[in-house]
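Each chain gets a letter, A, B and so on, in the order the sequences are listed, and its residues count up from 1.
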Amino acid sequence: MNIIEFVEVGRIPSDLFRRLADATAQIVGAHYMIREQPLDPFFALLENRGQFNSTDIVTRLRDLKSSNSMRIVGITDVDICIPILTFVFGEAQLGCCAAVVSLHRLHQDFYGLPPDPDLLFRRAVQETLHELGHTFGLHHCPDYACVMHSSTTVDDIDLKGDDYCVSCRATVEKCKDRAQQAASS
Amino acid sequence: MESGKIRILVVDDETVVRDSLASWFEDEGYEVVTAESGKAALQKLQEGKWDIGLLDIKMPGMDGLELQRKIREIDPSIQLIIMTAYASVQTAVEALKNGAYDYIVKPFDPDQLAHLIGKATEHKQLTAESERLKRKIDDDEAEQPVIGESPQMRHVMELVRQVARTDSTVLILGESGTGKELIARAIHNLSARKYMPIVTVNCGALPEGILESELFGHEKGAFTGAQYKRKGKFELADGGTIFLDEIGDIGPKTQSDLLRVLEEKKITRVGGTHEIEVDFRVIAATNRDLETYVQEGKFRQDLYYRLNVFIIDLPPLRERPEDILPIAGHFLKKYNLAMGRRVEGFSADAEKKLLAHDWPGNVRELENAIERAFVVCESNQISAACLPFGASESTSSDSTESLSDVERRHIEKALIKNGWNISRVSRLLGIDRVTLYNKIRKYGIQRPEQG
């Protein structure tokens, strides 16, 4: 079955979490399930930086994935990074089954601006689609409007669209088909 | 990079750094390979070509700086970026002095890293492009201009080679159409300035006010219609060569401005107040007798001396008849290529006709004659009938007539025959319109009253 499994990593507002899972799965064209038990990210804490190691979280998520889901995505509100970078919005292992997305730097408040829940939701959907794209084997896309376009700032995220371009979409569909075939065989 | 994908080599002794950078670069679409030590990196270098190298500065054994030096010896075209912690910024500065492209402090801001890699990629591509263009210029330079093989022209080419090595001002003398610009370009292409521009100004073609603005540029609002600031030819030739054609035809005001620029190598734009330093080499050319002009007070003596450093005198085509057929053969090849034809050569009577003609318009006239013959001739050989001048012209003149009489008569005849259409006549005579106007003025040829 084409199921994406969503996991809360730490605590995030449950309404936002469900809406995010629902919207993302709909755009990908997959079903979704929500893991009841949240994952405590404490194991990935980098004490000297006050951030969490996203690579460790992805590795843990991969181990947690249920056998009936094709992908597992962790959503967190903590600030995550890979050790060589100051932060990341999310991380996924290319062509692997797990990804994590952080909302921490997607909030307008992070930049000293008034909260904007709609904008936060839009960015969260874009980033989740982006990381899921990497799990489907997609690299960054040169198309500015594609959700797979590289973004290192929130401005970059706001500039791009809310869906995959035709070429990236074709790869996503192929991956889903393969996952479907693997599940049924 | 040949295949279009940038190849990055990451060298760091920490596994977590290597893995996370490799993963990040892969997502970005780069081809990335990692090495855990300087020794391993040198091994990777033997295995393939790399565009960008990210080197950690502190590694056990061979450190980043030593590795940088060794990589430079093997492949100086790799853009090297040094990765460092705050504590070793001083070392990073040293790396920059040794030719590293840039350095980045750990941990990296993703935006900064993306920009740095983008810039290094662009720099690498520009360097490669610049190398390709330089090779092309070197190839072009190897091609000598086709000006003939006569002893006179061999001597001219010898002078060209001699003077090209220096930065001296050159004055090229010769009748219209003898190839003065070709010689100027040959000097530039053989000089140390060959990778910089050569800018040509036809001084005779422009009225004084416009010439001043062409040469020195102008500031916005300097005169009516000067809506934008504009660089002059001297500024455009910065680092290269400026070729001042028809220098004998410039007015007294421009002569005086020019003298100042040649002496001080500084220009002031028309309407401007500040001086701009420019580095250029001057090659000037004229078909005038500048010495006589100086005596007659039409040309400043000091400017003449400033230009008269090294003279190359181009003999007219009629004084070197052995060059006519080889040059005609060169134009034959040129127009075969340009028009997609297969004209094999000239008939015996065509060759005779080419050799018998006086060529007042020199090589330019010869080229025009060949071009016209290509249009007129339908067979695969150019016959005498295809050539645009009468065989009797050069022989029919009274032998007591002076050369200038023959020229005046020839111009007058051409003007009458073509209804005083200056463009057509200048094309037929193989000279430019300015020269034709000058000759009409010189010989006092009057247009007949109409009606």
Is it true that atom [atom1] of [X] has more than 12 heavy atoms of other residues, nucleotides or ligands lying nearer than 6.0 Å?
X	atom1	result
A/Arg60	CZ	no
A/Arg49	CZ	yes
B/Glu122	CD	no
B/Glu47	CD	yes
A/Tyr111	OH	yes

Quick one: pull up [atom1] in [X] and [atom2] in [Y] and give me the separation to the nearest 0.5 Å.
X	Y	atom1	atom2	answer
A/Gln93	B/Asp19	CD	CG	10.0 Å
B/Asp27	A/Met148	CG	CE	7.5 Å
A/Ile84	B/Glu14	CD1	CD	7.5 Å

With a 4.5 Å limit on heavy-atom distance, are the side chains of A/Leu85 and B/Leu113 in contact? yes
Are the side chains of B/Glu28 and A/Ser150 in touch, meaning some heavy atoms are under 4.5 Å apart? yes
State, to 0.1 Å, how close [X] and [Y] come at their nearest heavy-atom pair, and which atoms those are.
X	Y	result
B/Asp109	A/Thr86	CA-OG1, 3.3 Å
B/Pro107	A/Pro83	CB-O, 3.7 Å
B/Ser20	A/Ile82	CB-CD1, 3.6 Å

With a 4.5 angstrom heavy-atom cut-off, which part of A/Thr153 approaches chain B: side chain, backbone, both or neither? side chain
At under 4.5 Å between heavy atoms, what parts of residues 135-144 of chain A are in contact with chain B? List them by residue number. A/His139, A/His140
Among B/Ala114, B/Pro110, B/Gly29, who wins on heavy-atom pairs under 4.5 Å with chain A? B/Pro110
